Enquirer: 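A single structure is presented below for examination.
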Amino acid sequence: MTFDLRTLLIASSLTLIILIGSLTIYSVTSIDIYYFLRFLLISIFAIFLVTLVFNQINLNRIISVGWVLFSVNLLVVLIVEIIGSEIKGSKRWIDFGFLSLQPSEFMKITFALFAIQYLRFYNFKFTFFRSIALLLTLFLSAIPIIIQPDLGTGLVYILFGLILLFICGMHRLYFIVMGLFVILLSPIIYNFGLTEYQKSRILSWFSSDQSLSEKWNILQSEISIGSGGLFGEGFLNSKQNEFNFLPEADTDFIFSIYAEQFGFLGVLSIFLLVGIFIFLTTVFSMEQKRLADDLSPYFLGTYFSLIIGFSFLLNILMVSSLIPVVGLPLPFFTKGGSSLLCFSIMIGLIFSSRSFLK
Amino acid sequence: MKDNRLNMYRGRTKVLLALFIVILLVCVGRFFQLQIIDGNQLKELREQNINDFEYIYPKRGRILSEDGIVLAEDRKIYSIAIDLEQKPNEDSIKLFSDIFSDQINFQFVKSKVEQSLKDRKSIVVLSRIGQEDLAKFFVRSENLIGFSVVEDYEREYDPHPAFFHILGHMGYITQSDINHFSTRIKNYDPSIWRKVGKLGIERVYEKELQGIHGRKSFQRNARGDRKVITDEEPFAEGEEIIISINYDAQKLAYELMEGKKGSIVVIDLEDFSIPVAVSAPSISANDLKDISSTQYQELLNDPSRPLFNRSFMGLYPPGSSIKPLLATFALSNSYTTWDETIFDDGYFRFEEEERVFNAWKEGGHGYTDLNKALVESSNPYFMNLSVKYEKSKFVKLLQSSSFGTKLCEDCYPQQFSPLINDAWKQRNFGKDLYKGDFINLGIGQGYMLTTPLHLSLIAGSLALKGKYKIPHLVRSNDFDLKIDIEIEEADWVKLNQSLIDVVYSKNGTGYRIEAGELNLAGKSGTAQLVDINSREEYNEVRKNPDLRDHAIFIGYAPYDDPRYSIAVIVENGESGGRVAGPIARDVLQELLNDI
């Protein structure tokens, strides 16, 4: 068991992120110690469990049932659509009592397992048919997520799926063609493909009319962030949260509350920790020793590292109003059980794919 | 080959990793902007979020009559309003409209709720609810989500119509009110006050009556259901205003004018306060409280003009009632003496223009001196004098008798009696005054117009030998004024005697007043509303009641030690002596009995 500096950095940055995330959840959720402990325990337990249970050998076994996991996951998403409980107009949750899960979150993982299983069979060589097959699977499986309706999760799912295919080496021509398609089709999609609610979200991002309720959320988020200043208002001192001015303070906009409490320095610290963690895990995953034999640990490791990084960025871009509000969780901060579990599993898979514990 | 693929994979991962780092740096920049550059500004917005305040409205000052009767005061009322912080739902709207189904229906409440939510403004659904309804509400209040009881003050007036024009009324503040008060009240903040005085005392003494509003500062959450009071500025109730109106006399005066149009104004000559100022017809000030705009339009368009304050705003030709003033003017400038006599045959021939003027009495008054001209009201005598008037001296007389200036500090609104001079005539007719104009002016007709308040003041200043002050309702202005006439004490005594004779001698135009022991001196007048060339025409005109002459009486009492002056105008009342005089007698009687 060798601990070098990099391993130490990865472990300590992750620990700090989880700890800070748990504390922030504690500060937001009416200062209830239960949330703090649950959050901390779930994440640590899940990470350890996944890391310890899987090593490179049985990771391969997991990949070999990728298509089963993916199909089951897709089936559960469809079932939830029919029987799931409604939260804020979107049907997407299964309630386990202590934990309510959003099965569509896990599609990011199971699609990757499925795609890698499929590609591994062909030694990761793309043909036209395979490319189209994977793209079609990705887009078609995104439909139930988008319909639910949760456009944000659906689009992010597609985006992350494309990242996976990009990592796995699909020809760049596909990405160029798809990029052109999106640009050309975007007006048509906007006019015919979106509900009024979705349109208003996008509109509010461009409009300066503060009366739109979406704009209100963004404004309140900016107010929270800005109020933090350089040093922040101090732990448990978020007035925006105390007086309920920031909607979704415990989910989508939790980082704004963090920024209000810990200021620009606190924000920089988190950025630094996340930056270090993502950079190092990605680089580690790239240095797979047995790369020549089986590329799947490489792909899984880099894919999960990067999408945790991009999930983080997308949420940060959203709360600071650089992109429209799309309802994305912030890894290890957002209260929801599914995203916490999902990111914990990803981390566990990163660790097991690299076999840090030799 | 394998290495190439490996490099491709690594290259792609590096691209994504670089993208991650670039976006992370963009985020650093963005947070630097939000927290460091815009930090203070956003923090300010946060404080605005949390900190809010509401005004505590003071009770408006009462208005009392001179004899201590409350004419206007604020009463506490309860209303039910839509509570924006807990929006009403379908169920609570249904329940609410069921409980008060005798007053409102579901559709009405629903539309109010929709409007309220749209405007983000709390709207009153049921105003002025009684104790019984209040109890009904509180019994079910737990289920009446989104409705709450609000306390407010409401102005309650003495319902008698005699007081409306003096007191005025309250109304929602408009831009013109803001303009009005901004120039008159220091540091006026129109955003505070919802209702302001629109007319009368309510408007003139707005500042004193309104009091000082309090302010409750608090921190509140986004839903508004948690409030922490952080600061409270105390409020101060409005001042009490006591006006010079005598309650009983004012009421009596209005009742004497019942069914008539016109005005009565009495001035107390001790301090030039106004104990009676009646304009008829009128309404009760309470009637304007919940008036709809169509009802208000109807009142405005009513031909009898009940909203028009004739006492301070109505301009009437004074007719013969101006003759005593002109008599002193003529004596002062030696246009005549008490001994000079003319022969009045019922006509005045203006030779320069070869025009003939009819006088009111057929056959005339015969040989007439100044005393007889006053007592029997001879027009030819005064027309004869008027051709001698020098323009500049005449204008000076009008000026010194307060033509063309404000007549009362706190009468609102008020109209000036126009100052008739060349400038005035140029403005209105594009010509200078000429001799012929003075023949009409000399008998109080033509261009001459006065308000009832002004006529009462002229009567008072004659009683006090030319001295007077500006009248008032609340605050006196002790500036001494004097009419520009220089006559002997003996002349004043003779003038007084002539005005006594008007009322008490058998030939006097006011003999039918039967003033008895009131010791009334005065002068009647009739104001012609149309130019008439012959008596036949006059009888024709009389058939239309709206064209009949106005009856005027001015006077003062007691004549040996004048205390009150009065002016009575009865529109289309025809005879000053018979119609206006007895009203003046009764009002003065009431006031003098009171002393």
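Computed from a prediction, not measured in an experiment: that's the story for all the values here. Order of the sequence lines sets the chain letters (A, B, ...), proteins ahead of strands, with each chain counted from 1.
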Enquirer: Evaluate the criterion salt bridge (charged side-chain N to carboxylate O under 4.0 Å, His left out) for residue pair B/Lys43 and A/Glu260; output intermediate values, then yes/no.
Expert: CA-CA 10 Å; B/Lys43 198 166 180 168; A/Glu260 186 183 356; over 6 Å; no
Enquirer: Heavy-atom distance under 4.5 Å to chain A: side chain of B/Gln33, backbone, both or neither?
Expert: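 Neither part, no heavy atoms under 4.5 Å.
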Enquirer: Would the distance check show the side chain of B/Arg12 and the main-chain N or O of A/Phe166 forming a donor-acceptor pair, the cut-off being under 3.5 Å?
Expert: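 Such a contact is found between B/Arg12 side chain and A/Phe166 backbone.
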Enquirer: Please verify the inter-ring angle class for A/Phe299 with B/Tyr9; under 30° counts as parallel, over 60° as perpendicular, anything in between as tilted.
Expert: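 Perpendicular: the ring planes of A/Phe299 and B/Tyr9 meet at over 60°.
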Enquirer: If you count heavy-atom pairs under 4.5 Å between each of A/Gly263, A/Gly232, A/Ser224 and chain B, which one has the most?
Expert: A/Gly263
Enquirer: Short question: side chain of B/Arg5, backbone of A/Gly169 - any donor-acceptor pair under 3.5 Å?
Expert: no
Enquirer: With a 6.0 Å cut-off (strictly less than), is the heavy-atom count around NZ of B/Lys136, excluding the residue itself, greater than 12?
Expert: yes
Enquirer: Tell me if a side-chain donor or acceptor on B/Gln35 pairs with a main-chain N or O of A/Ile225 at a distance below 3.5 Å.
Expert: yes
Enquirer: Centroid-to-centroid, A/Phe271 to B/Phe31, below 6.0 Å?
Expert: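 Between A/Phe271 and B/Phe31, the centre distance is under 6.0 Å.
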Enquirer: Counting only non-hydrogen atoms closer than 4.5 Å, does B/Ile37 touch chain A with its backbone (N, CA, C, O), its side chain (CB onward), both, or neither?
Expert: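 No part of it gets close to chain A.
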Enquirer: So, the side chain of B/Arg30 versus the backbone of A/Ser320: is there a donor-acceptor pair under 3.5 Å, distance only?
Expert: yes
Enquirer: Inspect the surroundings of CZ in B/Arg128 and state if more than 12 heavy atoms from other residues, nucleotides or ligands are less than 6.0 Å away.
Expert: yes
Enquirer: Heavy-atom cut-off 4.5 Å, strictly under: side chain, backbone, both or neither for B/Ile23 against chain A?
Expert: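 Both parts, heavy atoms under 4.5 Å.
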